[in-house]
Asker: 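Here you go, one structure.
These numbers come from the heavy atoms of this one structure, side chains and all, not from hydrogens, waters or symmetry mates. Here is the naming used below: chain letters follow the sequence lines, and residue numbers restart at 1 for every chain.
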Amino acid sequence: MVTSFILYNPKQIENKWQKHWESTQIYKAIDFDSKPKYYSLVMFPYPSGDLHMGHMRVYTISDVISRHRRMCGFNVLNPMGFDAFGLPAENAAIERKIPPAEWTQKNIDYMKNQQLKRMGTSYDWSREVISCNSDYYKWTQWLFLQFYKNNLAYQKEAPVNWCTKCQTVLANEQVEDGMCWRHDDTPVERKMMRQWFLKITNYAEELLSDLDKLTGWPERVKLMQKNWIGKSLGAEIDFLIDGKPNIKIPVYTTRPDTAFGITYLVLAPEHNLVEKLSGEQNKSKVQEYIKKTSLLSEIERLAEGKEKTGVPLGSFAINPFNGKKIPIWTSDYVLLEYGTGAVMGVPAHDQRDFEFAKKFKLEIKQVISQDGLERQLTSAYTDPGIMINSDIFNGLSNEDGKKKIIDHAEKNGFGRHKVTYRLRDWLISRQRYWGCPIPIVYCASCGLLPVEENSLPVLLPEGGIEFAGSGGSPLEKCTEWLSINCPQCGQKAKRETDTMDTFICSSYYYLRYADANNDKKIFDKEKVNYWLPVDQYVGGIEHAILHLLYSRFFTKALYDFGLLTFDEPFTNLLSQGMVTMHSPKEGKIAKMSKSKGNVVGTSEFFDEYGADAARLFILFAAPPEQEVEWSTQGAIGQYRFLERIWRLFFNLKENASLRIVEAIHVKVIHELPQQGLPLRDLYRIANYTIKSVSEDISDKKYIFNTAIARMTELVNNMYKFILDKKSYTDIECQVLSFSFTNLIKLLAPFAPHISEELWEKLDGQDSIHRQKWPTYDKESLVTDEIELVIQMGGKKVDVLTTKKGQSQKELENIALNQEKVKAKLEGKELVKVVVIPDKIVNIVVK
RNA sequence: GCCCUUGUGGCGGAAUGGUAGACGCAACGGACUUAAAAUCCGUUGGUUUGAACAAAGCCGUGCCAGUUCGAGUCUGGCCAAGGGCACCA
């Protein structure tokens, strides 16, 4: 009897099952199902139009997790959507005259049907969200209004990145090496503009301290967030102005212990007291300086090694500690947005101040010293030491001094303890068309008004938009759209023309998935609190700060608004490493990307070798957090692995009456006679494979590369077992069937198509993806023999197989009686023998 | 400058403080074939002694120390690569 052998044809099989899964809707998540819920999420993509192998990794990792949890009996939510607002669409409109909405939708269709689905992903597409659709951005606007009502959205004048050619503000992400992203010869300038902000700084402390709750997050991500928030403890000290008793300048410092070394004050050029404190003779010079620095780009202003610049204002402040009169300067090395925008100059103990004082010949006064002696400084002394020249504080260690000085200032009312964060409020205004309109109205008589909730969404006008590529937001020229009747007085009013940063859209999409089609509310409270928080989030490390911090902020704010019962959105986070490949343009290995010319498309590979092989390779080549270098050759290796399984199926089907065997009666296997040992080994290996793969795929480990290696080993062992075998006994058929059945079940999350096809060929019920994850026979892993390693001085001398469970003395005797050991012991003195039972004997000699 | 991560064969990578190099790629050999491809079965860290397919020895996880019976793994210092932050007072 010859079973007709069919060649492994991944393209055909994959297409067949993708269609089948879609029509049977096997990945639909059920609200409030009786099974425990599991929310598996991958960061939704920007629809740039073409995914390559570099993108595939994140979807594969997340999909393996989703499929595995489903087989483990969870009610899995695994949704997908598109982060669809953003600049490339607007750019395409400018360059190719395609409306952004059309361009975006075309890309979404392609990515969804030709790419994401072909990867074999298991999304519940009924919950798809597309952030540029009005049924989604209506809720983005609604959220903005909640922030506004809760005093978390406000406008202020702030320095922004400005491109003179585009005549518009750029987001920080759009500034590349200090130049405009569209004009790489145009340095970005700084400009003061009235902009919308979200008050994320209100949550600075909570965002910082709750990092401790996130035990399922990688340490490095938490550390990056911690550094970004940048909490620092110090003091605020008030300085009075000589001759102007009504004005005081508060200054923030982390080194109050150096207060007696203050020899000048510096204000940021944008500080609102600069003008007021400029003396008559200095006024023109100060104004000139302010103008000059305002024109400097961020890059120029912060350039490393840049010489300090600045001008004296011509007025003086009084050091409240010693009554000394000190000059007030302005310099661009002081930032307006940090602390109070003013700094006390202590050249002896701060390197920046030191450089400034040297350049402008200001006094340098040492007040901390290692040995209590004063000496000539060639650079700032920043190490700990003893306080000198500090009046009543002399002789204290500077650490003690910090506290005593603040206490002293507090007692006398000119200073206090102060906590400062590096985190700034979130600038969300964008002078762009392709974004979510900010629902605000400006009325000449009523002022600034929020759009009423029941008239949301504020629709983006479509058609007839002029994308000139210059002159600010295209919305400013949509005169029809722009004018509106004031919701309060009915008079003519104007809409806000800025749109929101797209990070707003992505700060809550994971909540919307819980109830994506609700047109009455942003989401049903019950549903969102059933599904959330996300059990496993997978995404790129590039979002370690922005997206993940913003999302945590949103969740905390929504919790405070009473919409959520949890205050952290993502319980577990996996930050996958990037996919790299040799870039001919850069002459080295670099992140896979179109601009670097090192892209491998998905379709070409899928057509020839299939998505299953690509998935396996991407998971096999390295652990998920590390980088992976794409290698088509390596991926073909995984294709060969799948072919080996495929051929094994036909071989066993023909010769070993292969069938589905989920478990073998344990007794039968253990009563096998001696000559059945290779079979018992195979049974043991099959069970060991189940154990290893289950552990490696669990949320404690996520090491898919070793899981795949274990499966490869099982296949290799099955081949070894059947080598030269012509016929099989019934028990051999059982063990082979058991091994094969469990192999394809273990393989199912990794290579979903081939495992489904083989499951069908085995007459398996339903889908393999709805089978129970295998369990293993613990007893089979217990052996009565062990490999004993014999070492001398920590170096391996011999390995031998012996009975398990022998005493230390017995093992020591076995070791000492080995020929090799005896030979080596000759002429040496035995010092001691270390025995680790069932493992190792280490003989120490002199 | 500060902070973090990573250094293991020709390559990607495995190794609860206990046999370094699992698994794969590449390379080489054998079987099959008229032949090639594919497939199946093997070999493959370096080095020395040896006529040797025998066999045995030595060295080896970026470098230098340390802890330990025993270190790729733990500690300290250094070097290199990558990443984050960067005039944050």
Side-chain angles (χ1 to χ4, degrees), chain A residues 7 218-228 230-232 234-235 251-256 258 266 268 301-306 308 331-335 337-346 349-353 355-356 420-424 541-542 544-545 577-578 580 589 616-617 620-623 625-638 640-641 643-644 647 651 692 703 705-713 715-716 719-720 722-724 787-800 820 831-836 839-845:
Chain A
L7 277 175
E219 286 305 319
R220 61 172 172 159
V221 173
K222 286 192 275 185
L223 194 67
M224 277 160 85
Q225 293 213 351
K226 188 184 164 197
N227 291 339
W228 186 264
K231 182 178 185 175
S232 93
V251 155
Y252 175 73
T253 181
T254 54
R255 293 297 303 277
T258 63
V266 204
R301 181 164 164 175
L302 304 181
E304 204 174 327
K306 184 197 154 217
K308 296 273 180 291
S331 169
D332 65 1
Y333 86 88
V334 175
L335 305 173
E337 291 128 75
Y338 185 78
T340 60
V343 159
M344 58 186 217
V346 188
H349 305 290
D350 181 287
Q351 189 56 29
R352 295 154 301 184
D353 297 346
E355 286 161 20
F356 191 78
T420 299
Y421 300 89
R422 209 190 68 102
L423 183 72
R424 311 281 159 82
I541 187 73
E542 67 271 21
I545 294 168
M578 56 189 183
T580 63
I589 291 167
L616 278 179
F617 174 74
F620 176 73
E625 305 219 334
Q626 261 180 55
E627 280 180 12
V628 155
E629 192 187 344
W630 174 263
S631 151
T632 299
Q633 203 49 248
I636 292 171
Q638 294 304 311
R640 281 203 287 262
F641 168 55
E643 270 193 317
R644 258 163 92 75
R647 278 192 298 268
N651 185 319
S692 306
I703 36 177
N705 52 332
T706 49
I708 293 167
R710 294 295 87 79
M711 291 189 270
T712 310
E713 278 169 346
V715 171
N716 291 346
Y719 265 87
K720 235 175 249 171
I722 64 172
L723 183 67
D724 297 330
E787 291 215 306
L788 184 71
V789 176
I790 298 168
Q791 296 183 334
M792 290 183 80
K795 281 189 189 173
K796 182 179 69 172
V797 171
D798 209 355
V799 183
L800 52 104
K820 279 186 186 171
V831 178
K832 67 167 167 174
V833 181
V834 180
V835 181
I836 310 296
K839 241 180 197 166
I840 218 157
V841 177
N842 190 11
I843 301 161
V844 187
V845 291

Asker: Mind checking the C1' distance from A56(B) to G50(B)? Whole angstroms is fine.
Answerer: 9 Å

Asker: When rounded to the nearest Å, what value does the distance between P atoms of G18(B) and A54(B) take?
Answerer: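 Their P atoms lie roughly 32 Å apart.
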
Asker: Protein within reach of the bases, or only the backbone? For nucleotides 36-42 of chain B, mark each nucleotide 5' to 3' as B, S or -, using heavy atoms under 4.0 Å.
Answerer: ---SSSS

Asker: Could you tell me whether the side chain of Gln626(A) has a donor or acceptor atom within less than 3.5 Å of a complementary atom in the base of G13(B)?
Answerer: no

Asker: Find the runs of at least 3 consecutive base pairs, i with j, i+1 with j-1 and so on, that include RNA chain B, using Watson-Crick or G-U wobble geometry with both distances under 3.5 Å.
Answerer: B:1-7 with B:79-85, B:10-12 with B:23-25, B:27-31 with B:39-43, B:45-49 with B:55-59, B:62-66 with B:74-78

Asker: Would you kindly compare Thr712(A) and Ile840(A) by the position of their nearest RNA chain B nucleotide and give the one closer to the 5′ end?
Answerer: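 Mapping each residue to its closest nucleotide by heavy atoms, the 5'-most match is Ile840(A).
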
Asker: When the C1' atoms of U49(B) and G24(B) are compared, how many Å lie between them, rounded to an integer?
Answerer: 35 Å

Asker: Does the Asp332(A) side chain pair with the main chain of Ala268(A), one donor and one acceptor, at a distance under 3.5 Å?
Answerer: no

Asker: What's the CD-C1' distance between Glu625(A) and G13(B), to the nearest Å?
Answerer: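 After rounding, the reported distance stands at 16 Å.
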
Asker: Say we look at A51(B) and C41(B): how far apart would their P atoms be, to the nearest angstrom?
Answerer: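 To the nearest whole Å, 37 Å.
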
Asker: C28(B) and A36(B): how far apart are their P atoms, nearest whole angstrom?
Answerer: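 Comparing P positions in C28(B) and A36(B) gives a spacing of 14 Å.
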
Asker: Are Arg640(A) and Glu643(A) within salt-bridge range, i.e. N to O under 4.0 Å?
Answerer: no

Asker: Looking at C85(B), C23(B), A14(B), which one has an atom nearest to any side-chain atom of Trp228(A)?
Answerer: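 Output: C85(B).
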
